[in-house]
Number of protein chains: 2
Amino acid sequence: MSASPSATVTSVPPAQLAAWRAFLEAHAHTMELLARELRDEEDLPLAFYDVLVQLHEADGHRLRMQELAERVLLSKSGLTRLIDRMERQHLVHRTACPSDRRGTFAELTPQGLETLRRTAPTHLRGVREHFAALVSDEEAELLATVLGRVATAAQEAASAR
Amino acid sequence: MSASPSATVTSVPPAQLAAWRAFLEAHAHTMELLARELRDEEDLPLAFYDVLVQLHEADGHRLRMQELAERVLLSKSGLTRLIDRMERQHLVHRTACPSDRRGTFAELTPQGLETLRRTAPTHLRGVREHFAALVSDEEAELLATVLGRVATAAQEAASAR
DNA sequence: GCGAGACAGTTGCGCACGCAACCCTTTCTG
DNA sequence: CAGAAAGGGTTGCGTGCGCAACTGTCTCGC
């Protein structure tokens, strides 16, 4: 037995496997859809939007690069380039950190805030339409619990290596 | 990725918003982890693995490019390059389709099959450890239902544009 | 049967990302 | 209070992806 690679001892139970595949498909398709809607209708990359939101939610509309990278789920270098591009369009700007001269803040500009205000309805409509509307309150709570558990575990496993 | 800059009309209910954020974080962190494990331990890109699995599951261990692109959640051009790279490493090879001269099959090579056999345990252990083990059977069934619903809707919305 | 689309796959191009090496600053340690 | 180690951010480099335009093939209406 165990001729097929998926029939090895270390296999995944069917219910969990189905969940895993649905998880991957849901992510790929919704993200593609949301990214395209935002790009086509507002000419804004989804990554830009994410940065704008995170900065808007932060104290003083600014965050350290490190902290921001974690919040937008990007590597340090990835965020450096992303902020480069956004700075070129005057959506954010860099500020030196007075208390730690290694540090840099990324800060929302008025134009960045304006852009967020303009584009938020499109994105939020997308999230509502393509996700929230398809999930009941009970389902949403369970999703948050289970996926939060998965997220936390993966995060810890990644940092503990 | 989400949350409103202020309370706009088109906002997302809190439970669904929490689910959405957990969904994004879970995906980012687990994928990063699984990709790194496969790369570090087996020196295989996750995208390669995905292709190997899809071809292995297919009739005759081969699929049309189009069909394969859909299964591995990639654009046509993305798949072309991916198969280019895999062909260079002799994991797959292209075959002309006799009945439709526009068509091309990507087919698993013996070496591709061998690679799949070698690497599957690592990946499956990762999926079990970082996902399946954290989700009960009931939770898995609900995840599959809800996320499958979301995936299907997004897919239809994308194709119907 | 022939011309207009539709369809399958590839290619040019630009964008975006991660890794590892690097510089500068801070903190720890003896 | 030196020197080593750790931390914050950027840069060089290679990889990987999507979009749009293109080539070659098929299909359908007339």
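Each chain gets a letter, A, B and so on, in the order the sequences are listed, and its residues count up from 1.
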Backbone N/O of B/Val146 and side chain of A/Glu139: donor-acceptor pair under 3.5 Å: no
Do [X] and [N] have a side chain to base donor-acceptor pair shorter than 3.5 Å?
X        : N      : answer
A/Arg81  : C/dG14 : no
B/Ser75  : D/dC17 : no
B/Arg102 : C/dC7  : yes
A/Thr80  : D/dG9  : no

query: Using the ring of each side chain (for Trp, its six-membered ring), is B/His27 parallel, tilted or perpendicular to A/His27, with breaks at 30° and 60°?
result: parallel
message: Salt bridge or not between A/Arg71 and A/Glu67? Use side-chain N to carboxylate O under 4.0 Å.
response: yes
- prompt: With a 4.0 Å cut-off, would you call B/Lys76 and B/Glu70 a salt bridge?
  reply: no
Of the listed nucleotides [options], the one nearest the side chain of [X]:
X        : options                : answer
B/Arg94  : C/dT10, C/dA16, D/dT25 : C/dT10
A/Arg39  : D/dC19, C/dG9, D/dT11  : D/dC19
A/Arg101 : D/dG8, D/dC26, C/dT26  : C/dT26
B/Leu74  : D/dC17, D/dT11, C/dG9  : D/dC17

- prompt: Can you find a side chain N or O atom of A/Arg85 that sits less than 4.0 Å from OP1 or OP2 on C/dA16?
  reply: yes
query: So what does B/Thr104 touch, heavy atoms closer than 4.0 Å: a base, only the sugar-phosphate, or nothing?
result: sugar-phosphate
field: Test item: side-chain donor near acceptor, A/His130 and A/Glu37, under 3.5 Å
entry: yes
Check the distance between [N]'s [atom2] and [X]'s [atom1] and give it to me in whole angstrom.
X       : N      : atom1 : atom2 : value
A/Ile83 : D/dG8  : CD1   : C1'   : 15 Å
A/Leu79 : D/dG9  : CG    : C1'   : 10 Å
A/Glu70 : D/dG8  : CD    : C1'   : 12 Å
A/Asp40 : D/dA20 : CG    : P     : 8 Å
B/Glu37 : C/dG18 : CD    : C1'   : 17 Å
B/Glu67 : C/dG9  : CD    : P     : 10 Å
B/Glu87 : C/dT10 : CD    : C1'   : 13 Å
B/Asp43 : C/dC19 : CG    : P     : 14 Å

query: Taking for each residue the nucleotide of DNA chain C with the nearest heavy atom, is it B/Arg64 or A/Gly78 whose nucleotide lies nearer the 5' end?
result: B/Arg64
field: Position toward the 5' end of DNA chain C (nearest nucleotide), A/Phe48 or A/Asp100
entry: A/Phe48
Value rounded to 0.5 Å, distance of OG1 in A/Thr30 from CZ in A/Phe131: 8.0 Å
task: Would you mind telling me which residue lines up with the more 5' stretch of DNA chain D, A/Gln66 or A/Glu32, judged by nearest nucleotide?
output: A/Gln66
message: If you assign B/Leu73 and A/Lys76 each to the DNA chain D nucleotide with the nearest heavy atom, which residue ends up on the more 5' nucleotide?
response: A/Lys76
